Amino acid sequence: MSRRKLVVGNWKMNGLKAQLAEVEAIGRVAAEHPAVEVGLCVPATLIMAAAERKGAAFIGGQDCHMNASGAHTGCLSAEMLAEAGAEWIIVGHSERREAQGETDEHVAAKAFAAKAAGLKVILCVGESLDVRDAGDAESVVSAQLLASLPEGAAADWLAIAYEPIWAIGTGRIPTMEAVAAMHAALRASLASRIGGQADAMRILYGGSMNGDNAAELMALADVDGGLVGGASLTAEKFAPIIAAAG
Ligand code: PEP
């Protein structure tokens with residue numbers, strides 16, 4: 001099964017209007033690589049302006065509320081983000097699971113709400129260093145994935161991002177063998193739940209991906225792209241990763 005590579009930047013809590021020039025530059029890089037689906041998940045405050053400058057890239061958000069509206073001070077619904085110009089949304093990032101106490105059930109509900117608002121979803125899973133060192137990474141992350149999977153999960157609106165927590169922002173990555181084994185395990189878990197859809201669903205790797213390691217990571221059979229933090233903040237750093245994808 002050939003799956004179109006998906007390379008998405010996660011700007012986290014970085015980016016003011018001055019960085020919109022980087023959005024434009026990354027949009028131009030995306031246009032040079034039409035075989036790759038390229039996107040930037042920017043802070044919500046930038047979505048509207050970024051959507052006007054995105055070129056061949058798409059713009060996404062980094063979280064949404066699980067409810068469509070209501071008394072949730074400071075939160076944003078999926079519909080609000082879609083109206084602002086988001087086409088994709090990240091849910092279940094480990095920084096939110098850890099700092100905001102998001103559970104697998106919350107993540108599944110957010111993904112479901114996003115789909116209902118017409119957004120596509122990147123659902124993040126990943127293990128802590130303790131779990132990796134104990135040799136339990138594949139079973140723990142597979143269980144996390146199945147518990148976080150929304151009803152109706154399908155490859156045309158959902159992608160998975162495997163992000164070992166200990167690799168995020170640290171410059172460390174698992175061995176290629178470990179990444180390959182994890183992605184194969186996750187695809188098998190998906191197949192047990194959603195059958196044939198599992199073959200078409202993209203599973204991204206995230207965690208210290210950069211221009212030096214991206215090609216090797218994305219050459220692995222079940223690695224269908226990347227979710228990229230620090231190295232997506234400038235076109236200069238992001239371009240080699242996009243190029244490595246195709
Ligand atoms: C992330 O937080 O999604 C991420 C992959 O970050 P970094 O690339 O900076 O490790």
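Whatever order the structure lists ligands and atoms in, that order sets their numbers, starting from 1. Remember, predicted model here, so these are calculated numbers, not experimental data.
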(request) Examine G230 against ligand 1 and note whether any of their N/O atoms are separated by less than 3.5 Å. (result) yes
(request) Measure the shortest side-chain to side-chain distance between V141 and Y162 over non-hydrogen atoms and say whether it is less than 4.5 angstrom. (result) yes
(message) Give the atom numbers and elements of ligand 1 that come within less than 4.0 Å of a heavy atom of G207.
(response) 5 (C), 10 (O)
(message) Can you tell me which residue among K110, E102, E105, R97 is in a side chain to side chain donor-acceptor pair (under 3.5 Å) with S148?
(response) R97
(message) Looking at K115 and D156, is any side-chain nitrogen of the basic one under 4.0 Å from a carboxylate oxygen of the acidic one?
(response) no
(message) If we only consider heavy atoms of A231, is any one of them less than 4.0 Å away from an atom in ligand 1?
(response) no
(message) If the threshold is 4.0 Å, N to carboxylate O, is there a salt bridge linking R4 and D224?
(response) no
(request) Pick one of side chain, backbone, both or neither for how I168 approaches ligand 1, counting any non-hydrogen atom pair under 4.0 Å. (result) both
(request) Considering only non-hydrogen protein atoms, determine which one is nearest to atom 5 (C) of ligand 1 and report residue, atom name and distance to 0.1 Å. (result) E163 OE2, 3.1 Å
(request) List the closest protein heavy-atom neighbour of atom 1 (C) of ligand 1: residue, atom name, distance to the nearest 0.1 Å. (result) H93 NE2, 3.3 Å
(message) Return the closest protein heavy atom for atom 2 (O) of ligand 1 as residue, atom name and distance.
(response) K12 NZ, 2.5 Å
(request) Specify the protein heavy atom at minimum distance from atom 8 (O) of ligand 1: its residue, its atom name, and the distance to 0.1 Å. (result) G229 N, 2.8 Å
(request) Show which atoms of ligand 1 fall inside a sub-4.0 Å distance from at least one heavy-atom site of S208. (result) 7 (P), 8 (O), 10 (O)
(request) Please identify which atoms of ligand 1 are closer than 4.0 Å to at least one heavy atom of G169. (result) 7 (P), 9 (O), 10 (O)
